[in-house]
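Only one structure is covered here, and it is reproduced in the block below.
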Amino acid sequence: MSSQSQRVVVTYAAPLVFLSTDHWKQIHASLVSQLPLRNLHWKSSSRPTIRTIQELDIRFVPLETLREDQTASQIPQSVLEKPLLNIYVFICEDSESYKATTRKQIKDWHASVNQRKNQEWLLVHVVRPDQSVAQGRLFQMKTSVLDKVKADFNTDKKDRCVQLVWSAEKDNPAVWADLMTKIKEGVLSAFDAALTQREEEVRRSEGQRQMPGWNFCTFFILKESLASSLEGMNLCEDALQQYFELEATFFQVLREKNLSWFGPLITPSGSDDSAPLLSTTKKPYRDLILANTISVFDFRVYLLARQCALLSKLGDLEEICQKTVTFLTTMARTLRDVEDTLPPLFIESWQYSSALSVVDQCDEWARSIEMGKPALTAFNAAKGELVELARQQLDVLGIAAGHLPIRPPFSLSLPSNYNTAKESQVKDASQSLSNAELASALLNKEAFYELYVSVTNRAIELYANAGRRKFALKLHGSLAALDVHRDRLSSALQTYTSLPAHYSPHGWTSLEAFMLNRALDIHASAEKPRDREWIHILLHFLRAYVDDMGRDLLMNKEDSEAYVAHLVQALNDAARIDTNNRADTPSPDHTALSVMIATHDAQLAETRDGSLLRVVVHNKLPCDIAVDEVEVQLAGRENSRISFSERVSKLAPGRNELTLFCPSSAAGTYTLFSTRVSIARLHFEWKHMKTLKQIRAGNMPILVHIPKDLKALDVRLKQPPRIELGMSSKVMVILSTGRNDIATAQVKLTPPSGIQFKYEDAEVSGEDAPPIRSAADSVTFLDLKHGQTVVAIVPHSDASAYHFMRVAISVEYVTTSEPDITRTLNLSRVVATSLPVAINVEDFFRGTRSVTCLTDPLYRLFNIWQTIHALHPIVNIAPTRARAFDAPPVAERGGRGKGDELYGSEATITPAQPGRFLFQMDASRGQVRDPLKLQISYRMLREGEFPSRLFRLESECVTHDFTEVESLIELAVEEVVTETPTLERLRQDMVDKLVQALETDASWVELYGVTGELVVPGVAPGDDDLGTGLRRVLEILNKRRLPTSFGEWREIVIPVDVPQMHPISALLTVQTSFHWAPPEDTKVESYMMRYDIEDLTQDWLISGRKRGDFLAKDGETFSVPITLIALHHGELALPKVGVTALPLPGEHRMRSSVVPGCETHQVHGAEKVLVLPRGGRTTFVVNMGAANTSM
Amino acid sequence: MPPQLRLNAVAFVSPQNHPILIRTFVQGQDELKYHYIAHTSLDVVDERITTAIASKSTECYLNLLYTMEDVAVYGYMTPLKVKIIIALALTDAVVRDADVLTIFRALHTAYRQSVANPFLRLNAPIDGYNDHAVLLAAGSPKWKAFRKRVDDIGKALQHRFILGSDSGPFPLLSEEIAQVLTS
């Protein structure tokens, strides 16, 4: 018996005559077409809020079809069993006919209806459309009929009479609005009354719960009638609430263990295990409940099914799935207690079938529901859980039937108190199970596997749609496990190797390790070659293994250490197998090994070039690992890299201390860049570089300090001592071999962009020059002895855009003692490219003689020195004779009052004090056409590698890159050694000690900068020979430095382009006229005048009297000869001549001297002189075409 | 019928979904299962978080996540997004949220107290980001004290069941756990 199809019943009645007319049929049809009712608002007294019923379907039946005696049943039915509203429809045209017939009819009907409990009634007066006679009369009459009806029947306040104006527009909602409102009102009020009464009954019954004789089942049926009533009114939520309350009561009863109202826990019938779970009609549940014979199992299934049915109406399919999952699992647990009484594998079969049937049922329901994306996702997830539940049952069934092994992941689904099923049970089960698919799968292995895979895939798909990746991963894992069991190793391997990647990113190493372990096992059992892929799997496994989490568990081997040891050995073997064919296999950031720097100061190797670095290698594996090499890379300035390495045979578990060697280590401070442990071509690598962000966060890079090896090969760059402007620039490459006998040393210089070194033109200077080989990009020195210093001069293209040139030097050298090691030294040196002095030249010519004046204005470089650097920028200039000119300096005004000294003297020049040198050159004895060159010898008082020094001083951090101070120390030590030759053997010790002291403390810098005194801090000389020596050295250093310690003499040769002169003789004549003199001045015969030739220094050199005074007389002419020398060719205007009168002697007017007025005009003022270029030297560049063109 | 809340396993998961600690209290059970449960739960936890964000809820308790064979998995997220997942043995009785919440609060306290240890930071890299979960991450030797605390809670719960009580669910549970925590 079902109450599902319960609908609200509304009866209708009408006079029999009227019922038979077509007119009634029309009205009936129209009325039905207006249904269902929409938007009912139910305001219940027992509920706080107004419930809105969107839509309510109504069964519209004639009154006489309902039999009264139906209500006689004792079983509480839905309140909707009885009609809620009775309608009487009548037509009455006038009061007379109403009085005559209609009133009687209505009275009869009203009498029968009015008495009914919880039912409402409604009178509908139909006004015929063809009744339209006279408006006024009609209107009056109509009202009168309705009024009469109201007066007769509608005695209380509630208006139960309504008029239906039956017009042609029968579908117009306006026509029906009134009636519909009334119907709604009637239905709701009747329902409210009925429900209130029923609720009261339920409450009363519930109150009697503790009394004897109370029966849960009776109560259940009573309360369920409430639910079905609410459901009939489409108030599903309220109906559901009733069931929830029932469920709660049930659990309470269950807790009280008062189950006398139920039958046994379960009375399994034949098809129980496969019946659709959510069907409320598969068993006559209500009858069973009424009979008090329902089993708890059936009862709960019924309760669930009813809830789900309501939920489906609410569209909450996700909830249905979740509820069923919970129900299936909890119920299964309960059933386990009585498992012995059940057919074998009943529970599993029931869970399996139920879960799948629920999914199907939900899909069925879902078809009519429009779901949004989030709802759909949740629904998929819930369905996935159901399907997975079914899959878990398959695990159990499979294990029971022997199709699956009892081990993870299959065994994970086994209930905790699982007993292995006997074979006979399986046989029985295959007979007893009503799910044919399952039954056959139990017997047929292949069918089972197919079922297993399809169900699993279904779950995976659902999970994937729901975005539950991790669930899907787990199921993939189980599919792989099945593949293993079915010996489909390759596909299993594929899955197992791809799965760890999903677990590792979040550190789920336990699961990762499990997968990898599986993969390795399969690899082994499949006897696949141990290839690169295998190595990767193994490396991942070891990584997971060294993590504590991985070691904790999931090792299916007894002795995991031995197992790992075996694997490591295998790894070693695999890494070495035909290494030639394999490319390098890097394994970044593996956690099994780690390399750390033990000491941050590298040691010098002493006996050979290079340095030693102590590192600690941690091996976290429980066994030895055979390796080949450990390497540490350090990064220095400007991306230079050096690498320390050592060949090692094996690393023991735990701490291994190693000393690594780097044959070519430039001194400096380095950061740890990367570390590497290699097994053949398998490289464990770790990067240690820190990003800027990390450094800002306080995660500092690891620094390694490499001391300077004074006896190692070194390359320096210098400006050559003789610089000749106009010639190509050169740079001196100074290579000192130190302790090494060098077989070859290839030097490559990398200049800043835009500059090229011309290695082909490199020359070696000095005596005992070794052979060199120049290539396009390098110069190679051959066969050098130890302690030798070679200088090569390499020309380079114009670098005047720079003051300094930063040159990266890379030296590859091979020593004769270690011919198989090619050492690479990468250095960065700075060499000055600009001149330390600037020279201005001015020329004056007198006949055959010319005077050159050199001035040395402020030089920008010195400015830098002065602002940043507190050093003495003093330059000595010793001007020398220019060739082809006998040019003794006639005067020299320069720094430090040496102005009177003559040729060959020295002057100290500072930026503040430029030197002026004057040369008189007599061309009478030489060839004027020879180019004139000026040779300047100078030496710097201070010299050094400026930018590095600047940098150093700015940062107050003393590095060891200070050649100048070192040479000072060397000189001082040299001096001491010459004094006491016994100290010779301690020479290097002394230097080292002093250099080291300077490096550790920067306090000497300031004093040294100002005074040049070098006070070495922190050296406490002992009483031995070394101490004596040191003391002496310190004394020497403490003195103000002698000029001998200044740099060597250098030369600059500057070509001075003395113009070739063709003097033009000219005569300046001034004609004077007093014609325009004022009358009072006619008596004056002459005036003193002054002429002045304008000095056009750009165009003309003027020789002779440029300016002079003369006596001007009326009509007379004054003339003076001058010589003009054109300074350049072209059309030059003649120099302007200005003539002014001088004040009259002795005459004063208004206390100021009197100046006669005068006007001057230059006769040749606008004339220009064409100066032709000197000599004819013209260069034509003719393109001859490329060498290999087909000319 | 006393409620049979039986704690099978506990998992702490960092805000970045890294496992911090996974402990099982069931003898003879395969730990793999609970690792799987902890891992898969994260999917559900994420779903819950999404809905919680949508509804602007700040509730820590994430309710029942899902049930599996014989365990019910519950989730909890601390205000600092550390996820605590517990697996309770499945019972047929109604499990009261308040009881589950008591367990979660105890576990949360255990975690808080462990993380509060200032020495955890002793050798930690100063990475600038304040994920304290990293300090306790799985496998760290500093794990021990924390593991002990969690185990104590597990034991306290089990002890409770062995004694049995008809006087309602967990009248003393909080105090007992509090005792364990302070001892």
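So you know, we letter chains A, B, ... as the sequences are listed, proteins then strands, and number each from 1.
For B/Ala38, the parts lying under 4.5 angstrom from a heavy atom of chain A are both the backbone and the side chain. The part of B/Val13 that comes within reach of chain A is its side chain, from C-beta onward, which places non-hydrogen atoms under 4.5 angstrom from that chain.
Qualifying salt bridge (charged side-chain N to carboxylate O under 4.0 Å, His left out) partners for B/Asp43, counting only residues two or more places apart in sequence or in other chains: A/Lys470.
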Test A/Arg468 against B/Val44 for side-chain contact (heavy atoms from CB on, under 4.5 Å), laying out the working first.
-> CA-CA 7 Å; A/Arg468 286 195 176 177; B/Val44 191; 3.6 Å; yes

What's the verdict on ring pair (Phe, Tyr, Trp, His ring centres under 6.0 Å) for B/Tyr36 and A/Phe471, showing C-alpha distance, side-chain angles and the deciding distance?
-> CA-CA 9 Å; B/Tyr36 263 134; A/Phe471 281 89; over 10 Å; no

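Note that CG of B/Leu64 and OG1 of A/Thr326 are 6.0 Å apart. Values are rounded to the nearest 0.5 Å. With values rounded to the nearest 0.5 angstrom, B/Lys33 atom NZ is found 8.5 Å from A/Lys474 atom NZ.
The stretch residues 381-395 of chain A places A/Ala381, A/Glu385, A/Gln392, A/Gln393 near chain B, each with some heavy atom under 4.5 Å from a heavy atom of that chain.
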